[in-house]
Visitor: 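Okay, handing you the structure first.
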Amino acid sequence: MDLKPNHNSPILSDPAPITKSRLGVHSNMLPYSAAPGVGFAPNLLLITRKRTGVLNDVRASIWLDAMKSSSPPPNRIAKDVVNELPSFDPDLLYCSWMVKYPSALASFDQIVTQAKGKRIALFLDYDGTLSPIVDNPDCAFMSDAMRVAVKEAAKHFPTAIISGRSRDKVYEFIGLNELSYAGSHGMDIMVSDKHSTNDQGKEVMFQPASEFLPLIDEVYESLIEIAKGIAGAKVENNKFCVSVHYRNVDDKDWNALANRVYDLLENYPRLRVSHGRKVLEVRPVISWDKGKAVTFLLESLGLSNCDDVLPIYVGDDRTDEDAFRVLKERNCGYGILVSSVPKESSAASYSLREPSEVMEFLKSLVTWRALEEGLNE
Ligand SMILES: O=P(O)(O)OC[C@H]1O[C@H](O[C@H]2O[C@H](CO)[C@@H](O)[C@H](O)[C@H]2O)[C@H](O)[C@@H](O)[C@@H]1O
């Protein structure tokens, strides 16, 4: 697919038909994670798309698998790490998984050794990283202690929040002016004037999906309609994308909800679905994601030189994998995956179990840098 890589034109030159003809399945039917590390049999993708009962079953099983795997149960086996264990002790499985993704706290010395003499650029996801996952998305508040930890970190390191939420909403939750914010999975970026490196020291705003706004508003209204009648389903407008939550939907209704969403999206070839934590994310088919947002922010902040800067990205979700991958491909900086269960594969280098460990990590970074700055005086 011909992507236009420059920041000004993230629009795919031909979003829908190429994928359709190549895969036999419409692009917006594919779970977002289907690109690298496909989680289902590739031959399923070669089936010619016809609205037969059998094919609907196949389609349903693809997204149902993706929906189930979006929040794996605690005893789910990380197959690439542990093959045949005599028992399914969750702690043992987690420890085995951590061989590949060591704790960022236990590996702290190793991380800061790489940061010596460099600026650290911090990128933080919100839900599940700074705030615990809760049933009601409107009540995902971060603790005051976490807010202080982020505020302190931002005194030493340029810090940006990168969230699937709308930028306004995530700002409302965090409330710190000294940060840069990228909402809507990086499609709504505001670089703080505190960080801005342009002549005027002004805020920089970048919205690569602005032309999709009317379409998103339209699909949001339709999603609200189709979610009616499915108990527990919740639709959230995130400005440049829409979340359809199924955390509070009975398992037996997941398929029905997904069918309604994907059926609706057949009328919107310029939109696609990605999978988050018990949420279907409807978003524009553009070549833009959290990884691209990280690259954009590093460049806007004058922090793209790997010799001077160590970027660290902390996130818990599949959508954060794009950012982990960018750091890995640049061979510059670290992705830290927040998860209390083994995940099948990740481009992160390290792990943390939960937001409380993220807070501990941020505090340790601040203490280390303050000490380093003191020593250098
Ligand atoms: O990129 P993020 O900041 O992690 O945002 C991703 C989505 O987070 C929110 O949903 C998730 O957290 C909710 C509150 O804990 C939880 O109820 C839900 O099941 C999770 O998927 C947010 O509501 C979504 O809009 C974001 O896209």
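Order of appearance sets the numbers: ligands from 1, and atoms from 1 within every ligand.
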Visitor: C241 near ligand 1, heavy-atom distance under 4.0 Å?
Guide: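 Contact absent.
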Visitor: Which residue, V338, V170, D125, L124, forms the side-chain contact (heavy atoms from CB on, under 4.5 Å) with L130?
Guide: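 Answer to the side-chain contact (heavy atoms from CB on, under 4.5 Å) test with L130 among V338, V170, D125, L124: L124.
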Visitor: Which residue and non-hydrogen atom of the protein lie closest to atom 8 (O) of ligand 1, and at what distance in Å?
Guide: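 Result: D127 OD2, 3.1 Å.
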Visitor: At less than 4.0 angstrom from any non-hydrogen atom of D135, what atoms of ligand 1 do you find?
Guide: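 By the 4.0 Å cutoff, the relevant atoms are 17 (O).
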Visitor: Looking only at distance, does D317 have an N or O less than 3.5 Å from an N or O of ligand 1?
Guide: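 No, D317 has no N/O under 3.5 Å of an N/O on ligand 1.
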Visitor: Does the pair W97 and S351 meet the rule for a side chain to side chain contact (heavy atoms under 4.5 Å, CB included), with working shown?
Guide: CA-CA 10 Å; W97 179 76; S351 67; 3.8 Å; yes
Visitor: For the residue pair Y181 and Y171, does the interplanar ring angle fall in the parallel (under 30°), tilted (30 to 60°) or perpendicular (over 60°) class?
Guide: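 Judged by the thresholds at 30° and 60°, the geometry between Y181 and Y171 is perpendicular.
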Visitor: Looking only at distances, can you tell me whether any N or O atom of V134, backbone or side chain, sits closer than 3.5 Å to an N or O atom of ligand 1?
Guide: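 Yes, at least one N or O pair falls under 3.5 Å.
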Visitor: Which of the atoms of ligand 1 are close to N238, meaning less than 4.0 Å from one of its heavy atoms?
Guide: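 Those atoms are 25 (O), 27 (O).
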Visitor: Please compare H245, E236, K234 and report which has the shortest non-hydrogen distance to atom 10 (O) of ligand 1.
Guide: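 Heavy atom nearest to atom 10 (O) of ligand 1 belongs to H245.
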Visitor: Please state which protein non-hydrogen atom is closest to atom 2 (P) of ligand 1 and give its distance, to 0.1 Å?
Guide: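 Looking at atom 2 (P) of ligand 1, the protein heavy atom closest to it is D125 OD1, 2.8 Å.
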Visitor: I'd like to know if E236 pairs up with R165 as an ion pair, taking the criterion as any Lys NZ or Arg NE/NH1/NH2 lying under 4.0 Å from an Asp or Glu carboxylate oxygen.
Guide: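 Salt bridge: yes.
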Visitor: Does a salt bridge link R318 with E321, judged by any charged N lying under 4.0 Å from a carboxylate O?
Guide: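 Judged by the 4.0 Å cut-off on N to carboxylate O distance, R318 and E321 do not form a salt bridge.
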Visitor: Run the ring-centre check on F240 versus W288 and record whether the distance is less than 6.0 Å.
Guide: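 No, too far apart.
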Visitor: Under a 4.0 angstrom heavy-atom cut-off, which atoms of ligand 1 come close to S243?
Guide: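 Listed by number with element: 24 (C), 25 (O), 27 (O).
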Visitor: Any atoms of ligand 1 less than 4.0 Å from a non-hydrogen atom of Y126? List them with their elements.
Guide: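 Listed by number with element, the hits are 3 (O).
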Visitor: Can you tell me which residue among R283, M187, H185 is in a side-chain contact (heavy atoms from CB on, under 4.5 Å) with D289?
Guide: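 Exactly one candidate clears the test, R283.
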Visitor: Side chains of V242 and I216: does their closest heavy-atom pair fall under 4.5 Å?
Guide: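 Yes - at least one pair of side-chain heavy atoms lies under 4.5 Å apart.
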Visitor: Need the ligand 1 atom indices (1-based, order shown) with element for anything under 4.0 Å from a heavy-atom of V279.
Guide: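 Those atoms are 21 (O).
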Visitor: Does any N or O of ligand 1 fall below 3.5 Å from an N or O anywhere on G164, backbone included?
Guide: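 Yes; at least one N/O pair falls below 3.5 Å.
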Visitor: If we check salt bridge (charged side-chain N to carboxylate O under 4.0 Å, His left out) with R277, which of these qualifies: D127, D316, D135?
Guide: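 Exactly one pass, corresponding to D316.
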Visitor: Mind checking whether S163 contacts ligand 1 via backbone (N, CA, C, O), side chain (CB onward), both or neither, at a 4.0 Å heavy-atom cut-off?
Guide: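 Near ligand 1, S163 shows its backbone as well as its side chain.
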Visitor: Considering only heavy atoms, which of K290, R283, E281, R277 lies nearest to atom 7 (C) of ligand 1?
Guide: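 Of the listed residues, E281 has the closest heavy atom.
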Visitor: Show the numbers, then the answer: is there a side chain to side chain contact (heavy atoms under 4.5 Å, CB included) between S131 and F173?
Guide: CA-CA 9 Å; S131 68; F173 276 132; over 6 Å; no
Visitor: Only heavy atoms of R247, strictly under 4.0 Å: list the atoms of ligand 1 that pass.
Guide: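 Near R247, the atoms of ligand 1 are 16 (C), 17 (O), 18 (C), 19 (O).
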Visitor: Would you mind running through ligand 1 and noting each atom that sits below 4.0 Å from a heavy atom of P132?
Guide: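 Numbered from 1, ligand 1 contributes 15 (O).
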